[in-house]
Each structure stands twice: as structure tokens, then as C-alpha cells.
Amino acid sequence: MARPVKHDGGLYKREGSKVWWMRYRDKDGIRRRESTSTEDWGEAQKCLRERLQARDNNTLSALRRGQDLTFGEWADFYLENFSKPPFRALKTHGVNQRALKHLRTMFENTKLAKLTADDIEMYLRQRLKQRVTVKTKNGFVQKGILKATTVHQELRVLRRMLNVGVRKKFVFANPCAGVEFPARVDGLFRPHYVTWSEQNTIEFSAPEYLRNVIRIITETGLRIYKELTPMKKDQLDLDNRTVWIPDSKTPNGVAEVPLTEIAADAFRRQLAISGPGHYLFPSDKNPDVHQKSFKTVWRLALRRAGIRYFRIYDLRSTYATRLSAGGVADEWVTQLLRQGDAKVFKKYSQMKLQMKREALTKLNRQANEGGLSFGTAQPN
């Protein structure tokens, strides 16, 4: 039986026009006529299906608003409502601002719904050919070619921003899903797993406070600059082996974190050398403020240990990997990382080649040789 006419839509061409138009009825039965802005019948059909699906999902009004929304308007809205604390860290907001400053030069007046994967790839290719521009007292000076990682970060910001647009139903799909980054980016999203022997080597070459940092992060998974460096002494409860995190990157990060014996011992050692101030990691220059960065001392420790450089943040990845290798369920690892999205766990936990080799040693090559097994009969 055919569907009632009031639920159908159709395509037609106006006299003297090559562009396809679509007609359909909204939820209230009001007839709508809109241009598909394309001469291709297949693309016009796709546009009509999007309208009908949005109508059936009660998101048609949002989708229609998205048709008139420009990239610049959405960027302003995103920065104001989804980029600032408490949604994102202040440092992340700064990254978003810098990335969108460059993205605006290409897409400022582009309709959000008209943004395509081809447009984004064209932008990326142009950016990869540009040079770094530095402002000096004598004016702007151009340096070397932009790194692929810098341009890729702009793509990640754009993808995040458009994902919010998809959730708000302003766009039907994220065009970044069809983008192929036109350059090789080495080492991106590949956290370094620190073996136990490697950790001992680094600790031997590190000052005492950095040694405590390494043990705390690999035993608790604390975020270094958001949770550990600004930590105050009154957040510790060593009698019950817990630490309270009052402020974090995500809402799930605000929690009471249990401590292993190694972590509790590292906290005790740090308390002993932290001085009379409130902070557990006070600044060398001013004990009334906390340490801001470990980058320099971390790089020097790795150099003295003879280990190739990797980010100190990879210690958090090591924590997740060790939990996973120990047999902890993925759901619990996500909880211990205090992440809101289980997908993030895949970014942190890395099964290394050595772990795979250890798993292969458990192969039973004599399985089913000595008798019946799993209901399989032996041949006569």
C-alpha cells in the first residue's frame, strides 16, 4: 500500500532553471519548497532524504537554521559556549582560538551546511605549503614551512567543532569524516609505553621530586598539569591511601583517587621535601605558587638516562596499559582514568609487541592431541 501523499516529498525544476527544487510537508502538514542548490539529481535526492529524515526525527527546524548559519557565526558560538572552562581547559581554549583564526580565513562566510570534505582538504593542502609567521619588533618575519602536526591540530579542532554541530542537528553529518590528511604525521596518537626497567633507569637519572612524579603518575594516572602540579597538601589522606581531585579536565575527573603503596610512599617522600607551603610541588622561585612545568627537567633526565625523548604525559598512558595488561576490564580502566568516554581508553592503552609475544607463549600446541576435547571425536 502506498504511503499517504502528505508524508511524501518530490523534486522538480522551475521554468528556466537547471537547479532541482524539492517539495515536502513538515510535521504540521505545511508544504515546504526549497532549492537543493544542485543540478545533479542524485545530490538533490540526498538533500530531500535529509529533510524527510530530519522531519521524522523532529530536528527539521534545527537543520533549517543550520542552512543559514555561517562558519564564522558557528565558530563564535562554539568558542563562547563549548570551548571555555568548565567544558574545556583554558589551555585547550587557547588552542581552539589559534586554530580557528586560520580556519576563518578560508571559511568565514561559508554556510555551515555547504562545507564539504573537498573544501577542507583544499584548505589543508594550502596550509601545508605556508610558512610560519612570527611577529617581531621590526614586523612580521617568515620562518620555515609549517609542520604537518600543526596543520593536523587545526583539522582536529575543526572536527570537534563540527561534531558539536552534528549533535545540535545544524548539520546532517561531519564532512571531516571524508577527509584524508594530505601528509604523513609521524608519531601522532601513539603513546609511548614505559617498561618497568626503563622507568627505573629514568628514575635513577632524575632528581627526587621528578622521581616522585613518575611513580605517582604511573600508579594513579593523574593528569600532570591539571591535577598533580596544582595539588595542595590538604588533598592527601595517606592514612586511608586516597587523594581528592577537586578540579579536573572533565566532570568525571573530580573524584577521590585510591593510592597504591608505591604511590602513597611517593607522596610521603614529596611531602618531606615540599617545604612549609600549601603546595605539594612548590615553585623553586616562589614557594607560594606551584610548579608550572616539568618539561626541561624531564628532557634532561631522559638525556642522562640515554632514552629517546617521549612526552611525560605518556606516563598516564603507561598506567592505563599496565592496568589492561594486568587483566583489568576496559570499563574499569575507563573509570580509573576518570574518562567520560570509553573510546578514549583506546588512545591510552597500547598493547606492545613484547606483550603480544608473551601472550603467544601461552599457545597450547598440544591441544586436542591426548583425547576428546570440546566434543571433537578422534579419527579411528
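Just so you know, residue 1 is the first one in the sequence shown, and it goes up from there.
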Exercise for review: Indicate whether any N or O donor in one side chain lies under 3.5 Å from an N or O acceptor in the other, for T116 and D119.
Suggested key: yes
Check your understanding: Has R31 got its NZ or CZ under 6.0 Å from the middle of the six-membered ring of Y24, at an angle within 45 degrees of the ring axis?
Key -> no
**Study point:** Path from V254 to V243 over hydrophobic side-chain contacts below 4.5 Å
**Key:** no
Revision key, fill the gap. When rounded to the nearest 0.5 Å, the distance separating OG1 of T318 from CD of E198 is 8.0 Å
**Study point:** NE2 (H278) with more than 12 external heavy atoms under 6.0 Å
**Key:** no
Point to revise | Donor-acceptor contact present, side-chain T105 to main-chain H102, <3.5 Å | key: yes
Exercise for review: For this output row, return yes or no: ring centroids of W20 and Y12 closer than 6.0 angstrom.
Suggested key: no
**Study point:** side-chain hydrogen bond (donor to acceptor under 3.5 Å, both in side chains) assessment of N200 paired with S197
**Key:** CA-CA 5 Å; N200 289 331; S197 59; over 6 Å; no
Check your understanding: Could you give the distance from NE2 (H192) to CD1 (I307), rounded to the nearest 0.5 Å?
Key -> 7.0 Å
Point to revise | Test applied, side chain to side chain contact (heavy atoms under 4.5 Å, CB included); reference residue, V132; option that passes from V141, L146, T150 | key: L146
Review point. Does a side-chain heavy-atom distance below 4.5 Å link D247 with K226?
Key: yes
Review point. Passes side-chain contact (heavy atoms from CB on, under 4.5 Å), L112 versus T70? Steps please.
Key: CA-CA 5 Å; L112 201 63; T70 66; over 6 Å; no
Review point. Distance-only, no hydrogens or angles: does the T218 side chain make a donor-acceptor pair with backbone N or O of I214 under 3.5 Å?
Key: yes
Practice item. Determine, using the 4.5 Å side-chain heavy-atom cutoff (strictly less than), whether L236 and W244 are members of one ILVMFWY cluster. Key: no
Practice item. Starting at CG of L79, measure out to NZ of K84 and round the result to the nearest 0.5 Å. Key: 8.0 Å
Practice item. Return yes if some donor-acceptor pair links the side-chain N/O of T242 with the main-chain N/O of P258 below 3.5 Å, else return no. Key: no
Study note, to complete from the structure: Closest non-hydrogen atoms of Y225 and I312, given as atom of the first, atom of the second and distance, are OH-CG2, 4.1 Å
Check your understanding: With a 4.5 Å heavy-atom cut-off, do E208 and I273 have their side chains touching?
Key -> yes
Check your understanding: In Å and rounded to the nearest 0.5 Å, what is the CG to OG distance from D288 to S283?
Key -> 10.0 Å
Practice item. Run the numbers on M122 and Q126 for side-chain contact (heavy atoms from CB on, under 4.5 Å), then give the verdict. Key: CA-CA 6 Å; M122 183 63 68; Q126 291 181 5; 3.8 Å; yes
Review point. For I216, does its backbone N or O pair with a side-chain atom of T220 as donor and acceptor, under 3.5 Å?
Key: yes
Practice item. Indicate yes or no for a side-chain donor-acceptor contact from R316 to the backbone of G221 under 3.5 Å, with no hydrogens or angles considered. Key: yes
Exercise for review: Indicate if L323 and I262 have the same hydrophobic cluster label, given that clusters are the connected sets of ILVMFWY residues with side-chain heavy-atom separations under 4.5 angstrom.
Suggested key: no
Exercise for review: Return the minimal non-hydrogen interatomic distance between I217 and L222, and the atom names on each side.
Suggested key: CG2-O, 3.9 Å
Point to revise | Distance, nearest 0.5 Å, that separates OG1 of T149 from CD of E154 | key: 10.5 Å
Exercise for review: Run the salt-bridge test on R338 and E227 with the 4.0 Å N-O cut-off and return the result as yes or no.
Suggested key: yes
Review point. Backbone N or O of P246 within a donor-acceptor pair of the Q235 side chain at under 3.5 Å?
Key: no
Point to revise | Chi angles and distances behind the salt bridge (charged side-chain N to carboxylate O under 4.0 Å, His left out) call for R104, D76 | key: CA-CA 10 Å; R104 284 175 184 271; D76 291 335; 2.3 Å; yes
Exercise for review: Flag the pair W298 / F310 as yes when their ring centroid distance falls below 6.0 Å, and as no otherwise.
Suggested key: yes
Exercise for review: For R160 and N96, work out which heavy atoms get closest and say how close.
Suggested key: NH2-OD1, 3.1 Å
Check your understanding: Can you check whether L11 reaches W41 side chain to side chain, under 4.5 Å on heavy atoms?
Key -> yes
Check your understanding: Is atom NZ of K46 surrounded by more than 12 heavy atoms (other residues, nucleotides or ligands) closer than 6.0 Å?
Key -> no
Review point. So, H152 and R156: side-chain donor and acceptor under 3.5 Å apart, yes or no?
Key: yes
Check your understanding: Distance-only, no hydrogens or angles: does the E39 side chain make a donor-acceptor pair with backbone N or O of V19 under 3.5 Å?
Key -> no
Check your understanding: Could you walk me through whether L100 and M161 pass the side-chain contact (heavy atoms from CB on, under 4.5 Å) check?
Key -> CA-CA 10 Å; L100 286 172; M161 189 180 80; 3.7 Å; yes
Check your understanding: Going from CG on L155 to SG on C176, what distance comes out if it is rounded to the nearest 0.5 angstrom?
Key -> 5.5 Å
Review point. F71 pairs by ring-ring contact (aromatic ring centres under 6.0 Å, His included) with which of Y123, F170, F107?
Key: F107
Review point. Of R211, R269, R304, R215, which meets salt bridge (Lys or Arg N to Asp or Glu O under 4.0 Å) against E203?
Key: R215
**Study point:** Salt-bridge present (E261, R268; N to O < 4.0 Å)
**Key:** yes
Check your understanding: Do S274 and K233 meet the criterion of a side-chain donor-acceptor pair at a distance under 3.5 Å?
Key -> yes
Exercise for review: May I have the step-by-step check of side-chain hydrogen bond (donor to acceptor under 3.5 Å, both in side chains) for E219 and T260, ending in yes or no?
Suggested key: CA-CA 7 Å; E219 294 290 320; T260 64; 2.8 Å; yes
**Study point:** Least distance between heavy atoms, V166 atom then A173 atom
**Key:** CG2-C, 3.7 Å
**Study point:** Which atom of I224 lies closest to which atom of P230, heavy atoms considered
**Key:** O-CD, 4.4 Å
Practice item. Answer yes or no: is there a side-chain heavy-atom contact under 4.5 Å between L128 and R125? Key: no
Check your understanding: Do you reckon F281 sits in the same ILVMFWY cluster as V289, going by side-chain contacts under 4.5 Å, direct or chained?
Key -> no
Review point. Can you name the closest pair of heavy atoms from D40 and E43 and give their distance?
Key: OD2-N, 2.8 Å
Check your understanding: Hey, is the main chain of S317 close enough, under 3.5 Å, to the side chain of T321 for a donor-acceptor pair?
Key -> yes
**Study point:** Min side-chain heavy-atom separation Y193-R322 under 4.5 Å
**Key:** yes
Check your understanding: Does the side-chain contact (heavy atoms from CB on, under 4.5 Å) test come out yes or no for D239 and D237, once each step is laid out?
Key -> CA-CA 6 Å; D239 293 333; D237 184 358; 3.8 Å; yes
Review point. Can you get from L210 to Y279 by hopping between Ile, Leu, Val, Met, Phe, Trp and Tyr side chains that sit under 4.5 Å apart?
Key: no
Check your understanding: Would you say Q153's side chain and A99's backbone share a donor-acceptor pair under 3.5 angstrom?
Key -> no
Review point. Between F77 and W74, is the ring centre distance below 6.0 Å?
Key: yes
